[in-house]
Amino acid sequence: MTFEELSGNYSIERMDSVSKAVEEVLRSALLQGCITVGVYEAAKSLNVDPDNVVLCILATDDDDDVKDVALQIHFTLIQAFCCENDINILRVNNTRRLAHILGGAGKHGSEQMDLHCILVTVPRASAWKNPALGKVNRFCRECRCTDQWVPCINLPER
């Protein structure tokens with residue numbers, strides 16, 4: 001096997017490992033009530049208490065989301081705020097998978113919720129230690145060291 005093949009396999013394995021860690025972080029945060037879902041809700045939460053936000057996930061599904069100028073403006077502002085406040089940011093490409101991970105949290109009554117932005121928070125009084133969150137934070141830190149400020153990961157259907 002060539003070096004390129006080995007490093008390519010490592011990258012695929014690493015991305016799969018990070019995507020599994022993201023899923024675990026989301027499930028754990030949901031159980032603890034430490035999740036904020038929606039672009040506007042996230043903006044309000046960031047404004048009120050940015051010190052307790054440990055992860056920001058920005059999600060898109062298809063070309064329509066990418067072409068949505070208003071959504072991209074919101075993403076840019078949220079990204080800038082997160083960078084300014086040392087909050088780790090990830091982009092993911094599968095809102096359907098996010099809805100599944102959150103156990104139907106993508107629905108509010110019969111209406112679809114906005115899963116384009118998800119914040120994971122930790123209450124001040126909590127010393128929440130989560131190995132999966134540590135893995136995601138390390139991944140984000142390593143990506144920043146290579147000037148990739150908002151890494152993008154794939155959340156595959158399982």
Within the structure provided, determine whether [X] and [Y] are in side-chain contact (heavy-atom separation under 4.5 Å).
X      : Y      : result
Val92  : Asn154 : no
Leu26  : Val120 : yes
Asp114 : Val37  : no
Leu119 : Leu55  : no
Ile118 : Leu102 : yes
Ile89  : Cys83  : yes
Ile57  : Val22  : yes
Leu133 : Val25  : yes

Please walk me through it: do Arg97 and Glu23 pass side chain to side chain contact (heavy atoms under 4.5 Å, CB included)? CA-CA 9 Å; Arg97 180 70 182 134; Glu23 291 180 26; 2.9 Å; yes
Spacing of [X] atom [atom1] and [Y] atom [atom2] [to the nearest 0.5 Å]:
X      : Y      : atom1 : atom2 : answer
Phe75  : Cys56  : CZ    : SG    : 8.5 Å
Arg91  : Gln148 : CZ    : CD    : 11.5 Å
Asp68  : Gln72  : CG    : CD    : 7.0 Å
Leu58  : Leu71  : CG    : CG    : 8.5 Å
Gln79  : Ile87  : CD    : CD1   : 12.5 Å
Asn130 : Arg27  : CG    : CZ    : 12.5 Å

Please lay out, stage by stage, how Ile35 and Thr121 fare under the test side chain to side chain contact (heavy atoms under 4.5 Å, CB included). CA-CA 6 Å; Ile35 259 186; Thr121 58; over 6 Å; no
Would you please test Cys34 and Val122 for side chain to side chain contact (heavy atoms under 4.5 Å, CB included) and show each step? CA-CA 6 Å; Cys34 296; Val122 177; 5.8 Å; no
Quick one: does any side-chain atom of Ser28 pair with a main-chain N or O of Glu24 as donor and acceptor, under 3.5 Å? no
Sidechain-backbone polar pair: Asn85 side chain, Phe81 backbone, donor-acceptor under 3.5 Å: yes
If you take all heavy atoms of Leu155 and Ile101, which pair is closest and at what distance? CD1-CD1, 4.2 Å
CA sep, side-chain torsions, deciding dist, call: Cys117, His74, side chain to side chain contact (heavy atoms under 4.5 Å, CB included): CA-CA 10 Å; Cys117 185; His74 288 296; over 6 Å; no
Pair Arg144-Asn88, side-chain donor/acceptor within less than 3.5 Å: yes
